[in-house]
There are 2 protein chains.
Amino acid sequence: MEALNAAELLAALGHESRLAIFRLLVEAGPEGLFASAIGEKLTLPPATLSFHLSHLSRVGLIRGQRESRFIHYSAEFSTMDDLIAFLTDNCCQNEVCLPKTAACATTEKRRSRLVKASTRTAPTAIDSE
Amino acid sequence: MEALNAAELLAALGHESRLAIFRLLVEAGPEGLFASAIGEKLTLPPATLSFHLSHLSRVGLIRGQRESRFIHYSAEFSTMDDLIAFLTDNCCQNEVCLPKTAACATTEKRRSRLVKASTRTAPTAIDSE
DNA sequence: TCCATAGTTAAAGTATTCTCGAATTATAAA
DNA sequence: TTTATAATTCGAGAATACTTTAACTATGGA
């Protein structure tokens, strides 16, 4: 996987159709789904579906693999994980967070998996493994 | 806070400047920062900064509060938390995830805090308390 | 009151993204 | 072969989003 921009990942998910596709694949788990199944569930025209699938693939959130005439898509869980880690990393300057902010509480657990890539004032890239 | 769309939250974060603003505020913690301090750190023209601050405010990711001549912004941690919960909710159909997918592992911990709002094929809203 | 500062809003131009029909590629079956 | 199916790429129009200058509002101090 390439070094990628967190903003790019978030922008990719920041669209109803792409988010729906991604959630479908997250729910489906490692087995994933065929493109046609996704298209049926979401009733998207083939060209539109393909556009969004390739966008999600490009940023590394999903992965497609041809199987005979079909293409089999699955979520890239590690990318999602890196993204979540990025969002919560260095939360509250690593001080103890307020009771409500569970997001911060998980930061420590994720930290070990985190590839450090963000500078403090210009957060930019996530290097995946 | 209003019922909001997860895609809207993600789209709001899916822009370099807004993500940088948000991360700055996440790092700053509950104390937050003045708008002017954000502008200086990121060197954004006032109008541009204001545009992005109001976008982030509108979707509920940050909050601004006037303090004399300054406006004091802080991250809405609960919104970020809801968003992360949404992303990982129902991951792998709640089966045990592969070793790598820590995002799934945290789903259970977050579930208790989750306001159920997503339908399976058309994920849409996050109701924040 | 008048001026300076912090920040927002308005408006308009520019750029980017989204959608979907039509054409195209890849595979498989008749 | 020829035909059918699964999916992608092309291309052009429509819709959104981004940036910026200029004008405006709000607050505080001289």
Side-chain angles (χ1 to χ4, degrees), chain A residues 4-22 24-25 28 31-75 122-124, chain B residues 4-22 24-25 28 31-75 122-124:
Chain A
L4 257 188
N5 200 295
E8 265 191 311
L9 297 180
L10 290 160
L13 293 174
H15 183 280
E16 284 290 350
S17 300
R18 284 193 297 268
L19 182 57
I21 291 168
F22 183 70
L24 225 43
L25 290 174
E31 284 118 70
L33 292 168
F34 290 117
S36 48
I38 299 169
E40 274 161 35
K41 291 212 190 199
L42 303 177
T43 53
L44 291 170
T48 305
L49 176 64
S50 210
F51 172 82
H52 292 307
L53 286 171
S54 86
H55 188 157
L56 288 167
S57 299
R58 181 170 53 73
V59 302
L61 279 163
I62 69 175
R63 197 155 60 108
Q65 194 167 6
R66 184 166 274 268
E67 280 178 30
S68 123
R69 255 185 301 181
F70 304 82
I71 297 184
H72 190 251
Y73 283 96
S74 53
T124 48
Chain B
L4 258 187
N5 199 293
E8 264 191 311
L9 297 180
L10 291 160
L13 294 174
H15 182 280
E16 284 290 351
S17 300
R18 282 191 300 266
L19 182 57
I21 292 168
F22 184 70
L24 224 44
L25 290 174
E31 285 117 72
L33 292 169
F34 290 116
S36 48
I38 299 169
E40 274 162 35
K41 291 213 192 199
L42 303 176
T43 53
L44 291 170
T48 305
L49 176 64
S50 209
F51 173 81
H52 292 307
L53 285 171
S54 85
H55 189 156
L56 288 167
S57 299
R58 182 171 52 73
V59 303
L61 279 163
I62 69 174
R63 196 155 62 107
Q65 193 169 5
R66 172 146 238 150
E67 281 177 30
S68 123
R69 254 183 301 183
F70 305 82
I71 297 183
H72 190 251
Y73 284 95
S74 53
T124 47

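Since this is a predicted model, take the numbers as computed values, not measurements. Throughout, protein chains are lettered first and strands after them, A, B, ... in sequence-line order, and every chain is numbered starting at 1.
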Nearest of [options] to any side-chain atom of [X]?
X: A:A47; options: C:dG21, D:dA6, D:dT27; result: C:dG21
X: B:S68; options: C:dC18, D:dT9, D:dG28; result: D:dG28
X: A:R69; options: C:dA26, D:dT5, D:dT27; result: D:dT5

Discussion item. Is the ring pair A:H72/A:F34 parallel, tilted or perpendicular, if the boundaries are 30 and 60 degrees?
Written reply: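 If you compare the ring of A:H72 with that of A:F34, the planes turn out perpendicular.
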
Any side-chain N or O of [X] under 4.0 Å from OP1/OP2 of [N]?
X: A:Y73; N: D:dA6; result: no
X: A:H52; N: C:dT19; result: yes
X: A:R18; N: C:dC18; result: yes

Rounded to whole angstroms, how far apart are [atom1] on [X] and [atom2] on [N]?
X: A:L44; N: D:dT8; atom1: CG; atom2: P; answer: 12 Å
X: A:F34; N: D:dA6; atom1: CZ; atom2: C1'; answer: 11 Å
X: A:F51; N: D:dC10; atom1: CZ; atom2: P; answer: 13 Å
X: B:F70; N: C:dT8; atom1: CZ; atom2: C1'; answer: 16 Å
X: B:R58; N: C:dT8; atom1: CZ; atom2: P; answer: 15 Å
X: A:I38; N: D:dA7; atom1: CD1; atom2: P; answer: 9 Å
X: A:H55; N: C:dT16; atom1: NE2; atom2: P; answer: 14 Å
X: A:Q65; N: C:dT27; atom1: CD; atom2: C1'; answer: 16 Å

NA contact type, [X], heavy-atom cut-off 4.0 Å: base, sugar-phosphate, or nothing?
X: A:A35; value: sugar-phosphate
X: A:P45; value: sugar-phosphate
X: A:S36; value: sugar-phosphate
X: B:T48; value: base

Item to complete: Please lay out, stage by stage, how B:L49 and B:I21 fare under the test side chain to side chain contact (heavy atoms under 4.5 Å, CB included).
Response: CA-CA 9 Å; B:L49 176 64; B:I21 292 168; 3.8 Å; yes

Worksheet, complete the sentence: Heavy-atom nearest nucleotide on DNA chain C taken for A:R66 and for A:G14; more 5' hit belongs to A:G14

Discussion item. Run the side chain to side chain contact (heavy atoms under 4.5 Å, CB included) test on A:H15 and A:F22 for me, step by step, so that the C-alpha distance in whole Å, both residues' side-chain angles and the decisive distance to 0.1 Å come before the verdict.
Written reply: CA-CA 10 Å; A:H15 183 280; A:F22 183 70; over 6 Å; no

Discussion item. Show, in sequence, the C-alpha distance, side-chain angles and deciding distance for B:L44 and B:S17, and conclude whether the side chain to side chain contact (heavy atoms under 4.5 Å, CB included) test is met.
Written reply: CA-CA 8 Å; B:L44 291 170; B:S17 300; 3.9 Å; yes

Discussion item. With a 4.5 Å cut-off on side-chain heavy atoms, are B:L53 and B:I71 touching?
Written reply: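 When only atoms from C-beta onward are counted, B:L53 and B:I71 do not touch, as no gap falls below 4.5 Å.
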
